[in-house]
Amino acid sequence: MRIVSMRRRISVGWDWKSEVSQSQSQRGIVTSCRAVVLPRFGGPEVLEVRPNVEVPDLKPNEVLVRARAVSVNPLDTRMRSGYGRSIFEPLLPLILGRDISGEVAALGASVRSLIVGQEVFGALHPTAIRGTYADYAILSEDELAPKPVAVTHVEASAIPFAALTAWRAIKSTARISEGQRLLVIGGGGAVGFAAIQLSVAAGCHVTTTCGSQSIDRLLAAGAEQAVDYTAEDLELAIKGNFDAVLDTIGVPETERVGINLLKRGGHYMTLQGEAASLTDRYGLAVGLPLATAVLLKKQIQYRCSHGIEYCWTFMRADSEGLDEIRNLTEAGKLKIPVEKTFPIVQVREAHEAKDKRHIHGKIVLELD
């Protein structure tokens, strides 16, 4: 990693922000850094830790973040295996990773809400090419917020991508409000668990499905009912109808159950949209229009047959959502538990553990 001598400059009162603002490139302190690179699709063995990967110049709205911890999301392992191939293959090599917690190292010219040296956390959009598995990552200003002081970098890095995915569904799409009923199918995962906590904080009544090992944790988080899908018939065990259903599993059976448990005017939201799979199968030119047609057909079908709204949902940057997520984390009302950490140089081992389901909870990569 090529880096300006920080220790010497700090000793003489170096003004980071002043120097960065004067830099024509806005690259700030770093021109290259260590990063985990995906040169081709495959198993964990294809991941390479490279010592000198170029750090691009900052655009006016971008922030250079010195990473302290980055979490491993299901999207990371799926992308590594070839999910989204039609979009990402022409752009290889990629840097994986969406979540990050660290410190601001440099600022683009138009950034006003953050300062150099500030601790921040945030998440990149699912289609970002240069991810966060690196000593230095680049995010836009609206993808970052001050890190909650009540949690560590490791704990903070596990939160944004999952919580913003849940936020997009239940707040931006379903617009849940106090007193409404929400069903989370698959509450044991990070997105489902975040959705439960966000909904409880909003004053909603939450029912969830999960494996037996997650029941106590989800009830402790505020769910009023947690149904073990491995031991119970969901349609018999779950009573009443719901204003919104978030389906994190997204198979035909959970879709059928979720749709049938909705009130008229309710929202069914699934994380398992078919856009990426159809474009991978047929290419962008055919797959994307086909995915749009599939979604439109289902929306019309369920609106006519059940009077409900149907949508595919995914994470996107939302500064308002990230601010609320930060506030709830500070208040102890939102937490995504981390089950195991690995140093960044053991990224292959981390992905292998996730692939083989040796670790069911959240995995975080630490950077020294």
Next item on the list: Supply the atom-to-atom distance Glu255 CD to Ile249 CD1, rounded to the nearest 0.5 angstrom.
Entry: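 One finds 13.0 Å between CD of Glu255 and CD1 of Ile249.
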Give me the other members of the hydrophobic cluster that [X] sits in, counting Ile, Leu, Val, Met, Phe, Trp and Tyr linked by side-chain heavy atoms under 4.5 Å, directly or via other members.
X      : answer
Val149 : none
Val151 : none
Leu288 : none

Next item on the list: For Asp243, check salt bridge (Lys or Arg N to Asp or Glu O under 4.0 Å) against everything at least two apart and list the hits.
Entry: Lys263
Check: Who are the salt bridge (Lys or Arg N to Asp or Glu O under 4.0 Å) partners of Glu366, not counting sequence neighbours?
Finding: none
Could you work out, with side chain to side chain donor-acceptor pair (under 3.5 Å) as the rule, every residue matching [X], not counting sequence neighbours?
X      : result
Glu352 : Lys356
Gln225 : none
Asp228 : Thr230

Check: Can you list every ring-ring contact (aromatic ring centres under 6.0 Å, His included) pair that touches residues 244-280, not counting sequence neighbours?
Finding: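 For residues 244-280: Tyr268-Tyr310.
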Notebook entry, point to check: Thinking salt bridges, do Glu309 and Arg303 make one under a 4.0 Å N-O criterion?
Noted result: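 So Glu309 pairs with Arg303 through a salt bridge.
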Next item on the list: With Lys340 as the cation and Phe342 as the aromatic partner, state whether NZ or CZ is under 6.0 Å from the six-membered ring centre and within 45° of the axis.
Entry: yes
Check: Quick one: is the NZ or CZ of Arg98 closer than 6.0 Å to the six-membered ring centre of Phe161, and within 45° of its axis?
Finding: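 Negative - Arg98 is either too far from the ring of Phe161 or too far off its axis.
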Check: Are Leu290 and Leu278 close enough that some pair of their side-chain heavy atoms sits under 4.5 Å apart?
Finding: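 Yes; the side chains approach each other to less than 4.5 Å.
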Margin query: So, using ring pair (Phe, Tyr, Trp, His ring centres under 6.0 Å) as the criterion, who are the partners of His205 when residues are at least two apart?
Written below: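 Not a single residue meets the ring pair (Phe, Tyr, Trp, His ring centres under 6.0 Å) criterion with His205.
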Next item on the list: Could you please spell out the steps behind the side-chain contact (heavy atoms from CB on, under 4.5 Å) verdict for Gln118 and Lys147?
Entry: CA-CA 8 Å; Gln118 185 174 12; Lys147 181 185 78 68; over 6 Å; no
Using atom types as modelled, flag every donor-acceptor pair under 3.5 Å from a side chain in residues 179-202 to any protein atom, sequence neighbours excluded.
residue: Gln180; atom: OE1; partner: Ser177; partner atom: N; Å: 3.0
residue: Arg181; atom: NH1; partner: Lys239; partner atom: O; Å: 3.4
residue: Arg181; atom: NH1; partner: Asn241; partner atom: O; Å: 2.9
residue: Arg181; atom: NH2; partner: Lys239; partner atom: O; Å: 3.2
residue: Gln197; atom: OE1; partner: Lys335; partner atom: N; Å: 2.8
residue: Gln197; atom: NE2; partner: Phe193; partner atom: O; Å: 3.1
residue: Gln197; atom: NE2; partner: Lys335; partner atom: O; Å: 3.0
residue: Ser199; atom: OG; partner: Ala195; partner atom: O; Å: 2.8

Item checked: Qualifying salt bridge (charged side-chain N to carboxylate O under 4.0 Å, His left out) pairs with a residue from residues 160-173, counting only residues at least two apart or across chains ->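 For residues 160-173, and leaving out neighbouring residues, the salt bridge (charged side-chain N to carboxylate O under 4.0 Å, His left out) pairs sorted by first residue read Lys171-Glu324.
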